Amino acid sequence: MGIQDIIVLIIVSCCVLYAARNIVKSFTRKKKGVCNCGCGCSGCAMARKKK
């Protein structure tokens, strides 16, 4: 394994880790202004507390 192979392996590994981190963040990120009570209304007291 040459130095070029090692450099390519490092670059590809960094890209995979970056993509995986962003995918995980997109699934765990909460949307702004969304109430977790499940009612779906924007005028309830729970929704006003969240903002």
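Just so it is clear, the model here is predicted, and its values are computed rather than measured.
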Checklist outcome for this item: Distance col, row C15:SG vs I10:CD1, nearest 0.5 angstrom, shows 12.0 Å
Next on the checklist: Tell me every residue that passes side-chain contact (heavy atoms from CB on, under 4.5 Å) with I7, counting only those two or more places apart in sequence or in another chain.
Outcome noted: I3, I11
Item to check | Contacts of type side-chain contact (heavy atoms from CB on, under 4.5 Å), residue I23, not counting sequence neighbours | outcome: F27
Checklist entry - Considering residues at least two apart in sequence or located in another chain, which fulfil the side-chain contact (heavy atoms from CB on, under 4.5 Å) criterion with V24? => result T28
Next on the checklist: With clusters defined by side-chain heavy atoms of hydrophobic residues (ILVMFWY) lying less than 4.5 Å apart, directly or transitively, does V8 cluster with L17?
Outcome noted: no
